[in-house]
Each structure stands twice: as C-alpha cells, then as structure tokens.
Amino acid sequence: MALKSLLLVFLLIAALTAVPMAEAQLGLISGLLGLIRIQGTVFCTANGNMGVNGTSTPVFPYAKVQLQCGAGNTVSSATTNNFGIFSMVLDPLQFVLSSLLSNCNLLVNTPLSNCNLNLPSVGGLLSPLQFIGNTLQGLLNISNIIPSGFQFLPNLNYLF
Ligand SMILES: *[C@@H]1O[C@H](CO)[C@@H](O)[C@H](O)[C@H]1NC(C)=O
Ligand SMILES: *[C@@H]1O[C@H](CO)[C@@H](O)[C@H](O)[C@H]1NC(C)=O
C-alpha cells in the first residue's frame, strides 16, 4: 500500500514536471503554439513588385526565395508556386522577431529573365522584412511577416 501511494506521488510529480518541458519544446505561448510566418508574392516586373496594373501584374513562379541574416547566412528558403507566392515558417524559439526584422532580408537569386525574357538575366531582388501583426489559427499564434518591398540589384550575385 505504502509503495503504491509512493509510486502514485512519483507519477504525479513526473507528469507535472513533464508538461512545462513539453510546452517549452513546442514554443507554446499562453497555451498557443507560436510560429513566425514569412509570406509574399514575387511579381515578374523589373523590381519584383506589383506594377501599375495591380493584381493583373504577371507573377514570378518557381523563383527561389532565400531568407538571409547577418553577413549572408541563408537561414531558410522557399520557392514561389504557380501564383508567385512563397511561404516560410520559422520557430519563434530559434528566431527573435525584432532581430529578424532588423538583420534579415529576402533575396531572390533566380534571374528575372526566367519569367520574362525581356528582363535581366543577371542580378536579383532584395527586400527587407515587415511585421504586419499576429493571427490566431486554431491553436496557432502566427506572427506574420511580409516583404516590405523588393528592389532590383544588378550585382546581387556578387554581394552574397
Ligand atoms: C498594363 O496592362 C495593359 C493592358 O493589358 C498593357 O498594355 C500594359 O503593358 C500593362 N502595363 C504593365 C506595366 O504591365
Ligand atoms: C501571440 O503572440 C504574441 C507574441 O509573439 C503575443 O504578444 C500575443 O499576446 C499572443 N496572442 C495570444 C492570444 O496569445
């Protein structure tokens, strides 16, 4: 009997201490799973942004988008889909939002000539990041980041 209750107490303690550990490993913030999502569209224009024709601006499918931080460290990458959309998900335990925003850029190394032969076959696009707020999706608390605006850099390939 004494052994049984001792075992019960032991199991209880084990269960109580296991919960916060699991939460910490999953990055649970107030019971929600925190995620950082970087999402945007790359357009097939001279600067990668939406043109004067708005949403009918042609997009840049199958472009490789890299998230580079500090001195050219690629920390994540994605490829745009048929609609020119890319999406990256980061673990907030590995990335601090404020330092992501100040130290990291999105880079598109795939030449613009891949989507339009009249556009340059060298150089690439670069955009800083912009935080646009949190959204709750089920048990997820997502911090949303978008490219704040691409620019074309003719010598991008030599910078990184
Ligand atoms: C905008 O659309 C018009 C009509 O389709 C087209 O002639 C023009 O070239 C487009 N402009 C740009 C910058 O894509
Ligand atoms: C979502 O996360 C942010 C910080 O990442 C926090 O400030 C906010 O309170 C969270 N929202 C909820 C409902 O937990």
Side-chain angles (χ1 to χ4, degrees), residues 15-70 73-156:
L16 285 174
T17 51
V19 170
M21 265 177 68
E23 282 195 355
Q25 278 161 4
L26 288 169
L28 287 173
I29 299 158
S30 65
L32 296 173
L33 182 64
L35 283 181
I36 297 171
R37 182 168 59 197
I38 305 177
Q39 205 169 53
T41 305
V42 184
F43 290 92
C44 186
T45 57
N47 64 9
N49 299 307
M50 192 183 275
V52 288
N53 284 338
T55 50
S56 62
T57 306
V59 296
F60 192 171
Y62 314 117
K64 190 163 182 215
V65 183
Q66 294 178 327
L67 178 66
Q68 290 208 343
C69 300
N73 286 325
T74 302
V75 297
S76 187
S77 66
T79 303
T80 58
N81 66 10
N82 266 331
F83 305 103
I85 298 169
F86 69 91
S87 182
M88 297 173 190
V89 170
L90 305 173
D91 183 343
L93 288 183
Q94 282 171 353
F95 296 93
V96 177
L97 194 65
S98 58
S99 69
L100 255 181
L101 297 174
S102 57
N103 295 329
C104 306
N105 287 298
L106 291 168
L107 244 83
V108 180
N109 266 332
T110 311
L112 281 164
S113 57
N114 276 27
C115 67
N116 182 340
L117 283 174
N118 296 321
L119 292 172
S121 58
V122 292
L125 304 168
L126 181 144
S127 172
L129 303 172
Q130 186 186 353
F131 174 67
I132 55 163
N134 290 294
T135 48
L136 298 178
Q137 216 171 289
L139 285 175
L140 302 177
N141 181 359
I142 304 166
S143 300
N144 297 291
I145 294 177
I146 58 166
S148 61
F150 284 103
Q151 57 178 304
F152 176 71
L153 295 182
N155 55 353
L156 185 80

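All residue numbers in this chain count up from 1 along the given sequence. Order of appearance sets the numbers: ligands from 1, and atoms from 1 within every ligand.
- Sorted by first and then second residue, the disulfide (SG to SG under 2.5 Å) pairs involving residues 82-113 (not counting sequence neighbours) are Cys69-Cys104.
- Considering every non-hydrogen atom in both Phe152 and Leu125, the closest pair reads CA-CD2, 4.0 Å.
- Listed here is the closest heavy atom pair of Pro147 and Ser127: CB-OG, 3.3 Å.
- Residue-ligand proximity, Asn134 to ligand 2, at heavy-atom distances under 4.0 Å covers atoms 3 (C).
- Residue Leu32 approaches ligand 2 through these ligand atoms, each under 4.0 Å from one of its heavy atoms: 12 (C), 13 (C), 14 (O).
- Judged by distance alone, the side chains of Asn81 and Tyr62 never bring a donor and an acceptor atom under 3.5 Å apart.
- Looking only at distances, no side-chain donor or acceptor of Asn73 sits under 3.5 Å from a matching main-chain atom of Val75.
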Which atom pairs, one a donor and one an acceptor, fall under 3.5 Å between side chains of residues 35-44 and the rest of the protein, sequence neighbours left out?
from  : atom 1 : to     : atom 2 : distance (Å)
Arg37 : NH2    : Asn144 : OD1    : 3.3
Gln39 : NE2    : Ser87  : OG     : 3.3

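- Listed as neighbours of ligand 1 are Val52, Asn53, each bearing a heavy atom under 4.0 Å from the ligand.
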Just distance, no hydrogens or angles: give the donor-acceptor pairs under 3.5 Å from side chains in residues 51-60, sequence neighbours left out.
from  : atom 1 : to    : atom 2 : distance (Å)
Ser56 : OG     : Asn53 : O      : 2.7
Thr57 : OG1    : Gly51 : N      : 3.0
Thr57 : OG1    : Gly54 : O      : 2.5

